[in-house]
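Lettering of chains follows the sequences in order, A, B, ..., and the numbering in each one begins at 1.
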There are 2 protein chains.
Amino acid sequence: MLSHEQIWAAIDALAKRHGLTSSGLAKRAGLDPTTFNPSKRFAGDGRPRWPSTESLSKILEATGESVGRFVAGLDPEERTVTARPEAFAGIPVAAFSSEADADFDAKGAPTGPAWEPLTLPPRKADKLFALSVEGDGLLPVYRHGDVVVISRKTPVRTGDRVVVKPKNSQMTLLCLEHRTAKAYVFKALSGASARLQLGHEDVDWMGRIVWASQ
Amino acid sequence: MLSHEQIWAAIDALAKRHGLTSSGLAKRAGLDPTTFNPSKRFAGDGRPRWPSTESLSKILEATGESVGRFVAGLDPEERTVTARPEAFAGIPVAAFSSEADADFDAKGAPTGPAWEPLTLPPRKADKLFALSVEGDGLLPVYRHGDVVVISRKTPVRTGDRVVVKPKNSQMTLLCLEHRTAKAYVFKALSGASARLQLGHEDVDWMGRIVWASQ
DNA sequence: CCGAGAAAAGGGATATATTCCTGTCAGCAA
DNA sequence: TTGCTGACAGGAATATATCCCTTTTCTCGG
């Protein structure tokens with residue numbers, strides 16, 4: 001289901017995520033700045049007007065966003081999750097829709113035409129290590145006993161959970177909020193509002209948390 | 001990113017899932033049967049033609065499909081898993097606590113007595129599958145794009161994060177707060193205070209989230 | 001083989017999203 | 001103030017997706 005209201009809200013949300021207005025978004029995509037004007041969302045007689053698929057394609061291209069991310073903003077209630085039953089070795093996978101639950105047979109095994117094999121990208125040799133969390137200091141994200149797997153080769157991007165080793169103190173688990181030319185800004189996993197700022201030269205090393213047992 | 005080829009493939013796939021041809025799909029949606037004709041997918045001069053979002057809305061409405069299901073097959077590249085959990089067996093693991101710091105050598109490799117090989121519980125006979133989280137409804141625990149691996153054989157205990165399939169609604173990701181003789185009590189991953197209570201007989205099945213990409 | 005029905009090609013007409021234009025208004029800086 | 005910029009409204013022109021119609025092709029029963 002895709003409503004007129006939803007699609008315009010998704011466009012606004014996309015623009016906002018990239019610090020743009022709807023007209024700025026249109027311009028960046030090579031469209032006329034008035035394409036997404038509020039005044040163009042309903043015809044004179046009140047009938048809804050729909051953006052073209054080609055325009056959608058262009059704004060996704062211009063912002064580098066995926067379709068999945070775009071539609072994720074459509075219906076927060078729907079909370080779409082895509083199910084991909086995979087075994088650890090690379091297995092059948094299927095998408096899951098909100099109205100037709102992914103098919104499982106009587107034994108609970110994935111079944112039906114929706115499933116297809118999942119292919120995982122080849123994994124380069126990486127120096128992985130793991131830390132087991134002790135105590136409840138990282139709730140609600142990590143519980144006592146959780147194991148987090150850390151890669152020091154994977155590039156760290158904004159929003160990633162990381163292990164940071166500052167030069168003068170011990171390892172901590174944080175979330176990278178953003179980075180500036182000279183410093184990193186971290187926030188606590190707990191969601192507390194406090195921020196930690198560290199200059200690039202004050203960070204001994206940093207690794208990205210790629211998996212976590214639950 | 002949304003390509004011309006992808007969107008037409010998604011329409012064909014949608015029709016096929018419902019046992020229809022592209023013209024049958026158009027008719028069912030109240031559109032002209034020729035709307036999705038292969039001959040209408042490119043203009044006479046070879047330029048691509050895009051279906052309108054209004055038509056997309058109508059075929060989703062007619063088939064009862066969600067946007068998420070529709071776009072699920074579009075972009076397999078989108079959700080890339082960085083590692084396979086099975087690859088984690090044997091990597092060095094150390095306790096992460098406030099008191100002790102684990103040692104690394106000059107090259108950044110784990111060293112010292114604090115580390116030992118990670119052992120994973122055997123899962124040979126287990127039915128594992130995964131869900132790819134879309135949207136920000138599960139923050140701060142899971143981000144958009146995170147992949148959670150679910151086991152339906154691992155015993156579920158209080159405090160575990162689980163996938164619940166109620167008899168009359170769709171799968172949801174929750175945290176099991178506690179269980180009584182007749183019911184389960186869940187709380188949302190988001191940390192909201194609301195609780196969801198489900199009788200044992202109202203739960204179709206439940207699986208435990210054992211790993212999650214981050 | 002023949003006919004019925006559906007799918008699909010092809011072309012003209014229509015509907016509508018976008019573009020292009022002008023103008024208003026708000027915010028901001030000199 | 002003045003000038004500049006961007007957001008936005010509104011209208012006309014253009015571009016294009018859909019609709020409507022006809023014809024052809026294909027499949028399936030008889």
Side-chain angles (χ1 to χ4, degrees), chain A residues 1-65 67 70-71 73-74 113, chain B residues 1-65 67 70-71 74:
Chain A
M1 315 294 195
L2 175 65
S3 75
H4 175 260
E5 183 183 1
Q6 284 172 346
I7 197 151
W8 286 112
I11 289 175
D12 288 337
L14 168 65
K16 193 173 183 182
R17 273 199 296 279
H18 292 266
L20 300 165
T21 61
S22 56
S23 61
L25 175 65
K27 270 194 292 187
R28 168 160 333 176
L31 300 165
D32 187 275
T34 67
T35 305
F36 302 136
N37 261 11
S39 62
K40 300 288 173 86
R41 300 183 182 188
F42 289 90
D45 55 5
R47 280 179 309 117
R49 301 185 65 176
W50 297 71
S52 77
T53 318
E54 192 171 10
S55 295
L56 295 186
S57 171
K58 284 179 179 172
I59 62 178
L60 292 178
E61 177 77 23
T63 57
E65 283 217 1
V67 195
F70 179 73
V71 304
L74 284 179
Chain B
M1 316 294 196
L2 175 63
S3 74
H4 176 260
E5 182 183 1
Q6 283 172 344
I7 191 105
W8 285 113
I11 289 175
D12 288 337
L14 169 65
K16 192 172 182 182
R17 275 198 296 279
H18 291 265
L20 301 165
T21 61
S22 57
S23 63
L25 176 64
K27 270 195 291 189
R28 156 114 46 125
L31 301 166
D32 186 273
T34 67
T35 305
F36 301 137
N37 262 9
S39 62
K40 300 291 173 84
R41 300 182 182 187
F42 289 88
D45 56 4
R47 279 178 309 116
R49 301 184 66 174
W50 298 72
S52 76
T53 44
E54 192 170 12
S55 295
L56 296 184
S57 172
K58 285 178 179 170
I59 61 177
L60 292 178
E61 177 77 24
T63 57
E65 285 218 358
V67 196
F70 180 72
V71 303
L74 283 182

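To the nearest angstrom, P of D:dC8 lies 16 Å from CZ of A:Phe42. Remark: P of C:dA17 and CD1 of A:Ile11 are 12 Å apart, rounded to the nearest angstrom. The distance from atom CG of A:Asp12 to atom C1' of D:dC8 is 13 Å, rounded to the nearest whole Å. What separates CG of B:Leu56 from P of C:dA17 is a distance of 13 Å, to the nearest Å. Remark: P of D:dT14 and CG of A:Asp32 are 15 Å apart, rounded to the nearest angstrom. Across the protein-nucleic acid pair, B:His4 atom NE2 and D:dA17 atom C1' stand 12 Å apart, rounded to whole Å. Look at CG on B:Leu25: it is 12 Å from P on D:dT18, rounded to the nearest Å. Residue A:Leu31 contributes atom CG, which lies 15 Å from atom C1' of D:dT14 at whole-angstrom precision.
The minimum heavy-atom distance linking B:Thr35 with B:Trp8 is given by the pair O-CH2, 4.4 Å. Scanning both residues, A:Ile7 and A:Pro51, for their nearest heavy atoms gives CG2-CD, 4.0 Å. Nearest heavy atoms, B:Thr63 versus B:His18: O-CE1, 3.4 Å.
At a threshold of 4.0 angstrom between heavy atoms, the contacts of B:Pro51 are confined to the sugar-phosphate backbone, with no base atom among them. At the heavy-atom level, A:Lys58 lies nowhere under 4.0 Å from the strands shown. When heavy atoms are screened at a 4.0 angstrom cut-off, B:Arg41 is found touching no nucleic acid atom at all.
Nearest-nucleotide positions on DNA chain D for B:Arg47 and B:Thr35 put B:Arg47 closer to the 5' end. If B:Ser52 and B:Gly24 are placed on DNA chain C by their nearest nucleotide, the residue sitting closer to the 5' end is B:Gly24.
Nearest to the side-chain atoms of B:Glu54 among the listed nucleotides C:dA17, C:dA8, D:dC19 stands C:dA17.
Once rounded to the nearest 0.5 Å, the distance linking OG of A:Ser22 with NZ of A:Lys27 reads 11.0 Å.
With respect to A:Lys40 and A:Asp32, no salt bridge is recorded, no charged nitrogen being found less than 4.0 Å from a carboxylate O.
Of the possible polar contacts, one joining the A:Ser57 side chain to the B:Leu2 backbone as a donor-acceptor pair under 3.5 Å is found.
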Between the protein and nucleotides 10-13 of chain C, which nitrogen or oxygen pairs are less than 3.5 angstrom apart?
| unit_1 | atom_1 | unit_2 | atom_2 | d |
| --- | --- | --- | --- | --- |
| C:dG11 | O6 | B:Lys40 | NZ | 3.1 |

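In terms of the side chain to side chain contact (heavy atoms under 4.5 Å, CB included) criterion, residue partners of A:Pro48 (sequence neighbours excluded) are, by chain and number, A:His4, A:Phe42, A:Trp50.
Applying the 4.0 Å criterion to OP1 and OP2 of D:dA17, one finds that B:Arg49 has a side-chain N or O inside that range. Contact annotation: A:Ser23 side-chain N/O to D:dG6 OP1/OP2 distance is not under 4.0 Å.
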